[in-house]
Protein chains: 2
Amino acid sequence: MTIKKEQILETALHLFAKEGYSATSTSKIAKAAGVSEGLIFRHFGNKKNLLKELMIQTQETINHLFLPIFEETDPKEVLIKTITLPLRIDKEYYDYWRLQYKLRWEPEYTNNNKFVPILNKFEETFTALNYKEPKQEAILLNQIVNSIAIDILLDRFNEDYIPFLKKKYKL
Amino acid sequence: MTIKKEQILETALHLFAKEGYSATSTSKIAKAAGVSEGLIFRHFGNKKNLLKELMIQTQETINHLFLPIFEETDPKEVLIKTITLPLRIDKEYYDYWRLQYKLRWEPEYTNNNKFVPILNKFEETFTALNYKEPKQEAILLNQIVNSIAIDILLDRFNEDYIPFLKKKYKL
DNA sequence: GTCTATAGGCCGATAGAC
DNA sequence: GTCTATCGGCCTATAGAC
């Protein structure tokens with residue numbers, strides 16, 4: 001991976017996340033990245049393919065952020081790590097999240113099953129904690145984490161919410 | 001309001017909700033609506049203004065859907081009506097919701113305070129039901145409703161979730 | 001007065017050629 | 001890395017049909 005190619009990816013991530021895919025032109029990316037516009041097409045062929053490579057990176061990044069939760073065996077710790085996950089994310093990763101949530105609404109983008117592994121992990125956790133309906137509890141927890149992440153990204157999150165959740169789950 | 005103007009608004013709502021604002025050209029709207037492209041500019045001046053008029057309609061529609069919850073006085077009924085709200089929404093309104101959730105991520109669009117009145121209603125409700133932290137409970141309930149709506153719109157909602165929630169809230 | 005059809009200007013976007 | 005071609009998007013203008 002050359003330096004310029006990385007610059008293009010980084011800049012495109014930021015602009016796509018901020019303005020949206022359609023609203024971001026390749027020339028805007030080139031200018032912001034300090035490269036010639038042609039280089040984008042040399043490396044990625046076309047604009048759509050640039051987005052595709054970005055989404056692979058995004059998925060890897062997000063999987064990496066979930067890893068500590070997957071590896072945790074103590075069920076209470078799983079819940080604590082899950083609830084506080086959005087808080088522990090470094091600001092440099094925000095664009096990845098933003099892009100992810102933005103692109104959910106694009107008609108082409110349809111990998112609904114992406115969250116299934118984490119849902120299974122949650123279900124196991126609630127089973128271990130003797131919750132009555134672990135499957136539904138997993139869905140609820142997943143919704144809560146997503147909502148917190150969205151609130152943080154939209155800059156309307158209130159810190160008091162976390163201790164409230166910890167009490168709810170008796171942590 | 002003339003028929004053609006309504007057709008333009010209706011078609012634009014659908015296309016903006018489906019493809020996004022930037023990705024939808026005025027010529028595409030005109031073709032889909034069966035009108036000449038010039039008519040769009042005659043009625044709305046420019047594309048941005050068309051979106052603006054749509055957003056006013058959208059806000060009115062959504063306010064109207066929340067009205068029964070606002071008018072309900074029995075706190076348990078408030079919760080039941082809230083939890084089942086996304087289910088009770090007719091499919092013809094889906095595009096309004098979709099547009100709303102899509103546009104949250106646009107940089108210009110920043111009316112965070114829009115959900116404050118419903119949050120207040122929820123807080124009163126939880127206070128009446130003697131919940132310990134009504135403010136946080138209101139946030140949680142709001143997150144749940146939004147998540148359900150999103151799941152429905154993204155076609156990944158499971159009906160079993162509603163009875164689970166009703167049990168949670170002892171309804 | 002509402003709308004269509006058409007023509008065209010201007011600009012920016014994608015892409016290929018060199 | 002630049003240059004250029006081509007296309008499509010936004011918008012204006014006008015002449016005329018309903």
Side-chain angles (χ1 to χ4, degrees), chain A residues 1-58 95 98-99 102-103 105-110, chain B residues 1-58 95 98-100 102-110:
Chain A
M1 183 85 77
T2 66
I3 290 177
K4 298 248 180 184
K5 189 173 177 186
E6 279 177 24
Q7 279 173 348
I8 292 170
L9 279 167
E10 206 175 312
T11 308
L13 168 66
H14 182 62
L15 289 174
F16 287 166
K18 193 172 154 210
E19 320 269 357
Y21 173 75
S22 299
T24 302
S25 68
T26 51
S27 76
K28 208 188 277 179
I29 297 169
K31 268 177 206 151
V35 301
S36 75
E37 195 177 349
L39 196 62
I40 294 175
F41 295 97
R42 168 171 292 276
H43 279 308
F44 303 98
N46 55 47
K47 192 186 168 189
K48 206 160 207 161
N49 215 48
L50 168 58
L51 177 64
K52 205 172 157 189
E53 286 214 25
L54 261 181
M55 289 313 295
I56 293 168
Q57 277 199 5
T58 301
D95 281 337
R98 211 182 295 272
L99 190 62
K102 231 183 165 89
L103 260 54
W105 297 100
E106 301 304 316
E108 315 92 35
Y109 185 72
T110 52
Chain B
M1 182 87 75
T2 66
I3 289 177
K4 300 257 176 180
K5 188 175 178 185
E6 278 176 24
Q7 279 173 348
I8 293 169
L9 278 167
E10 207 174 311
T11 308
L13 168 66
H14 184 62
L15 289 175
F16 287 166
K18 193 171 155 211
E19 321 267 356
Y21 173 76
S22 299
T24 304
S25 68
T26 51
S27 75
K28 205 189 279 178
I29 298 169
K31 268 177 205 151
V35 301
S36 70
E37 193 180 351
L39 195 63
I40 294 174
F41 296 96
R42 176 173 295 274
H43 279 309
F44 303 98
N46 56 47
K47 193 187 168 189
K48 205 157 208 163
N49 215 48
L50 168 57
L51 176 65
K52 206 171 155 190
E53 286 214 24
L54 263 181
M55 290 313 296
I56 293 169
Q57 278 197 6
T58 301
D95 281 337
R98 212 181 295 272
L99 190 62
Q100 192 83 348
K102 231 183 165 91
L103 261 53
R104 285 207 296 199
W105 298 100
E106 302 301 319
E108 316 90 36
Y109 185 72
T110 51

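Heavy atoms only: backbone and side chains are in, while hydrogens, waters and symmetry mates are out. The sequence lines fix the lettering, A, B, ..., with proteins before strands; numbering per chain opens at 1.
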remark   = Quick tally for nucleotides 5-11 of chain D: nucleotides whose base has a protein heavy atom under 4.0 Å get B, sugar-phosphate-only ones S, the rest -, giving ----SSB
query = Which value, rounded to the nearest 0.5 Å, describes the distance between B:Ile40 atom CD1 and B:Lys47 atom NZ?
reply = 10.0 Å
ask   = In a check of side chain to side chain contact (heavy atoms under 4.5 Å, CB included) between B:Leu54 and each of B:Leu103, B:Ile8, B:Leu9, which one passes?
value = B:Leu9
ask   = Can A:Lys102 be said to sit on top of A:Tyr21's aromatic six-ring, NZ or CZ under 6.0 Å from centre and within 45° of the ring axis?
value = no
query = Just how far, in rounded Å, is P of C:dA15 from CG of A:Leu50?
reply = 11 Å
task = Might you point out which heavy atoms bring B:Phe16 and B:Leu51 nearest each other, and give the distance in Å?
result = CD1-CD1, 3.9 Å
inquiry  = Nearest 0.5 Å, please: how far is CZ in A:Arg42 from NZ in A:Lys4?
reply    = 13.0 Å
Tabulate protein N/O versus nucleotide N/O from nucleotides 3-5 of chain C, keeping only pairs under 3.5 Å, one per line.
from  : atom 1 : to      : atom 2 : distance (Å)
C:dC3 : OP1    : B:Thr2  : OG1    : 3.3
C:dC3 : OP2    : B:His43 : NE2    : 2.9
C:dT4 : OP1    : B:Lys4  : NZ     : 2.7
C:dT4 : OP2    : B:Ser36 : N      : 3.3
C:dT4 : OP2    : B:Ser36 : OG     : 3.4

note = Rounding to 0.5 Å, atoms CG (B:Asp95) and CD (B:Gln100) come to a distance of 12.5 Å
key: Spacing between B:Ile8 atom CD1 and C:dT2 atom C1', to the nearest angstrom   = 11 Å
request  = Show your reasoning for whether side chain to side chain contact (heavy atoms under 4.5 Å, CB included) applies to A:Lys52 and A:Phe44.
outcome  = CA-CA 9 Å; A:Lys52 205 172 157 189; A:Phe44 303 98; over 6 Å; no
request  = State whether a side-chain donor-acceptor pair under 3.5 Å links A:Ser27 with A:Glu37.
outcome  = no
message = Measure CZ/A:Phe44 against P/C:dA13 and give the value in whole Å, please.
response = 18 Å
